[in-house]
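Here the structure is laid out as structure tokens; the discussion comes afterwards.
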Amino acid sequence: MSKFYVTTSIAYVNAPPHIGFALESLQADVLARYHKQKGDESFFLTGTDEHGAKIAKVADERGISPKQVVDENAIRFKELKGALNLSWDNFIRTSDQKIHWPVAQEMWRRLEKAGDLYRKSYEGLYCVGHEAFVTQKDLVPAVNGRNHSDQSIGVTLVCADHQKEPELIKEENWFFKLSKYTGEIESRIKNDELRIVPESRKNEILSLLKEGLEDVSFSRPSKDLPWGVPVPGDDTQTMYVWADALSNYISGYACPPAGGADCLKKWEQHPADVHVIGKDILRFHAAIWPGMLLSAGLPLPKAIYVHGHILSGGRKMSKSLGNVVDPFELVDKYSADSVRYYLLREIPSSADGDFSYEKFEERYNGDLANGLGNFAARVSTLADKLGELSGGLDGMVEQKIKELVGKANQKLGEFKLHESLSAIWELLHFGDQYLNENKPWDKSVSEGNKQQAIHNSVVILDNVASLLLPFLPETSAKISKAIRIEGGKIEVEKISNLFPRMEKIKT
RNA sequence: CGCGGGGUGGAGAAGUGGUUAUCUCGUUUGGCUCAUAACCAAAAGAUCGUUGGUUCGAAUCCAACCCCCGCAACCA
């Protein structure tokens with residue numbers, strides 16, 4: 001038995017759960033369930049990132065404490081477990097002062113001890129409207145008439161949102177010597193000690209590393225960032241997101257009750273096997289996080305699996321377009337397993353994918369109702385009519401099962417979840433073909449051949465159920481429960497309407 | 001010349017030098033009737049973004065160009 005530790009990224013709680021986070025959770029869930037099924041000791045971690053100026057601002061606007069804001073929102077993320085039938089073992093919240101903070105602070109001390117943290121003044125453009133620093137790209141030429149006065153020096157640049165000229169502000173921060181680790185990180189990724197999947201993402205990060213990493217700011221003055229983990233030994237500064245949020249992979253990893261430094265030991269013995277993340281945060285996980293771990297003298301995760309984003313109707317989801325898809329609404333309307341199936345099958349597991357109700361319906365009717373549901377009903381009805389079955393396994397059927405089970409598992413190992421599902425459906429298709437060829441309902445077929453054909457179909461169905469366990473746990477259990485195989489004898493209960501066909505709702 | 005990813009039948013994808021370019025959905029036709037008007041088979045439908053090159057042979061390698069999408073360091 002081996003160990004398997006998988007994580008999702010932690011979600012920022014300034015908004016309710018997004019369907020993209022649902023996808024990420026499902027992908028990690030499949031991996032966790034698969035390893036559990038194999039008999040591995042699996043640990044699946046998820047959680048929420050709860051600090052930052054944005055949260056503090058929301059709290060301020062609503063006249064409540066930041067703690068209240070994050071408590072409210074974190075619940076929504078936890079509820080995803082029930083809604084989507086997730087199997088995570090722990091949910092870590094970065095506002096957890098008892099478990100998380102000591103770990104984040106211990107990490108900080110380690111970096112400091114390694115001589116990798118230093119003070120430096122940071123200079124930036126500060127917009128009063130944003131109450132935050134803005135970058136050059138946030139600025140646009142002024143369009144206001146009153147700004148036209150100083151044409152002598154050209155156009156005035158102002159903040160796009162507030163039409164105000166930003167101030168130049170200097171402040172002192174702690175910086176992390178990430179640049180020091182560029183070479184080491186690069187070589188670890190290059191030789192797959194830290195595997196980045198898919199290949200295209202690996203190349204992307206390698207080309208970034210080739211240009212070299214710069215040191216990153218690791219803290220903010222506490223007056224600007226009041227809501228966060230205090231920097232150990234410097235009460236004027238609060239940790240900026242990196243040391244805080246990324247440490248969750250250690251603090252959330254079944255931290256021993258003693259906490260703090262003891263948590264790091266656990267990671268030292270067995271770091272994460274996979275971090276499942278979105279393409280938007282690749283560089284943080286493939287550069288800053290490994291840099292921190294190297295500095296702290298800790299092992300790197302073994303793999304980072306990068307998924308794409310979900311588009312809605314071919315476009316980026318955004319509130320202003322009104323095409324945001326709420327995962328809870330979906331599950332409510334359909335079922336957990338059908339939403340799981342759609343997201344895991346339709347969205348290529350390492351590229352962008354699209355969500356639309358039309359496609360959902362197509363997948364549901366085509367694959368779940370007509371494919372899986374119908375085959376289960378078909379086989380179980382045939383078997384139920386005959387009562388107890390005996391007979392052997394056809395060599396050709398056995399070989400096909402072996403081939404496709406192998407393919408499904410191989411794809412899973414490559415994190416190609418949608419292709420793994422596709423292999424399972426190949427097996428279903430083979431089952432339908434097999435039945436049509438052997439016609440166990442036909443009067444001209446001998447009793448022995450009928451028994452044989454149905455026996456083989458049941459074995460196919462049983463294998464499908466087993467392969468489906470990580471993807472569609474509920475459905476898989478329903479099918480498995482109906483099939484009893486003991487020695488050469490088989491008994492099957494009738495399985496009806498796993499997925500009732502949907503009527504066309506939309507044009 | 002910032003970096004990267006991508007452009008394959010109506011839609012979505014697979015396919016990194018070699019016989020008639022694969023799969024799913026959709027369309028048409030035939031078969032079957034155990035099954036959720038489900039299942040099986042066959043057919044139609046692609047100048048593989050454009051142009052040029054390498055090669056006996058390219059979707060696949062090279063060059064130029066066009067188009068789409070990310071990223072461009074503090075935004076998680």
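In what follows, chains are A, B, ... by sequence order, proteins preceding strands, each numbered from 1.
- As a whole-Å value, the separation of Lys359(A) NZ from G26(B) P is 14 Å.
- Salt bridge annotation for Glu403(A)-Lys407(A): absent, with no cationic side-chain nitrogen under 4.0 angstrom from a carboxylate oxygen.
- Taking the ring centroids of Tyr334(A) and Phe360(A), they lie under the 6.0 Å cut-off.
- Residue Lys54(A) is classed as a sugar-phosphate contact, given heavy-atom separations below 4.0 Å to backbone atoms only.
- Within 4.0 Å of Trp425(A), counting heavy atoms only, lies no atom of the nucleic acid at all.
- Searching all strands for a Watson-Crick or G-U wobble partner of U19(B) with both distances below 3.5 Å returns nothing.
- Here A43(B) sits opposite U27(B) as a Watson-Crick or G-U wobble pair (both hydrogen-bonding atom distances under 3.5 Å).
- Remark: the separation of the P atoms in C39(B) and G57(B) is 46 Å, to the nearest Å.
- A76(B) atom P lies 11 Å from atom CG of Asp244(A), rounded to whole Å.
- The pair Lys180(A)-Asp215(A) fails the salt-bridge criterion, with no side-chain N (NZ, NE, NH1 or NH2) lying under 4.0 Å from an Asp/Glu carboxylate O.
- The gap from the P atom of A13(B) to that of G49(B) amounts to 14 Å, rounded to the nearest Å.
- Few gaps surround CZ on Arg188(A); more than 12 heavy atoms of other groups in view lie less than 6.0 Å from it.
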For nucleotides 3-10 of chain B, list the nitrogen or oxygen atoms of the protein found under 3.5 Å from its nitrogen or oxygen atoms, one pair per line.
none

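- The CD1 atom of Ile185(A) sits 14 Å away from the C1' atom of A73(B) (whole-angstrom rounding).
- Between Trp425(A) and Tyr341(A), the gap from one ring centroid to the other is short of 6.0 Å.
- Judged by closest nucleotide on RNA chain B, Arg283(A) is the one of Arg283(A) and Ile10(A) placed further toward the 5' end.
- Between U51(B) and G45(B), the distance separating the two C1' atoms is 27 Å to the nearest Å.
- Nucleotides C23(B) and A46(B) place their C1' atoms 15 Å apart, quoted to the nearest Å.
- Straight-line distance from the CD1 atom of Ile310(A) to the C1' atom of G12(B): 16 Å, rounded to whole Å.
- In the displayed structure, Lys190(A) atom NZ is contacted under 6.0 Å by at most 12 heavy atoms of other residues, nucleotides or ligands.
- Between Tyr342(A) and Phe355(A), the ring centre distance stays below 6.0 Å.
- Rounded to whole Å, atom P of C25(B) lies 23 Å from atom OH of Tyr357(A).
- Distance Asp49(A) CG to C74(B) P: 17 Å, rounded to the nearest Å.
- Taking the P atom of each, A63(B) and C68(B) are spaced 23 Å apart, rounded to whole Å.
- Between Phe77(A) and Phe21(A), the ring-plane angle classifies as perpendicular under the 30° and 60° cut-offs.
- Between G26(B) and A38(B), the two P atoms lie 9 Å apart (nearest whole Å).
- Take Tyr434(A) and apply the ring-ring contact (aromatic ring centres under 6.0 Å, His included) test, not counting sequence neighbours, and it matches no residue.
- Heavy atoms of Val241(A) sit under 4.0 angstrom from primed sugar atoms or phosphate atoms, though from no base atom.
- In this structure, C65(B) and G49(B) make a Watson-Crick or G-U wobble pair, each of the two defining distances being under 3.5 angstrom.
- In this structure, U54(B) forms no base pair with any nucleotide, since neither Watson-Crick nor G-U wobble geometry is met with both distances under 3.5 Å.
- Atom pair Tyr342(A):OH and U24(B):P shows a separation of 18 Å (rounding to whole Å applied).
- Here, A59(B) and U16(B) have their P atoms 14 Å apart, quoted to the whole Å.
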Using side chain to side chain contact (heavy atoms under 4.5 Å, CB included), reason through Gln399(A) and Met396(A) one step at a time and then give a plain yes or no.
CA-CA 5 Å; Gln399(A) 200 196 327; Met396(A) 195 257 293; 5.6 Å; no
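- Taking atom C1' in both A76(B) and U8(B), the straight-line distance is 36 Å, to the nearest Å.
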Using a 4.0 Å heavy-atom cut-off, write out nucleotides 33-42 of chain B from 5' to 3' as B (base contacted by protein), S (sugar-phosphate only) or - (no contact).
SBBB-SBBS-
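- For the pair Trp108(A) (side chain) and Pro230(A) (backbone), a donor-acceptor distance under 3.5 Å is absent.
- Rounded to an integer number of Å, the gap from Ile277(A) CD1 to A76(B) P is 16 Å.
- Contacts of Tyr240(A) with the nucleic acid, taken as non-hydrogen atoms under 4.0 Å apart, include base atoms.
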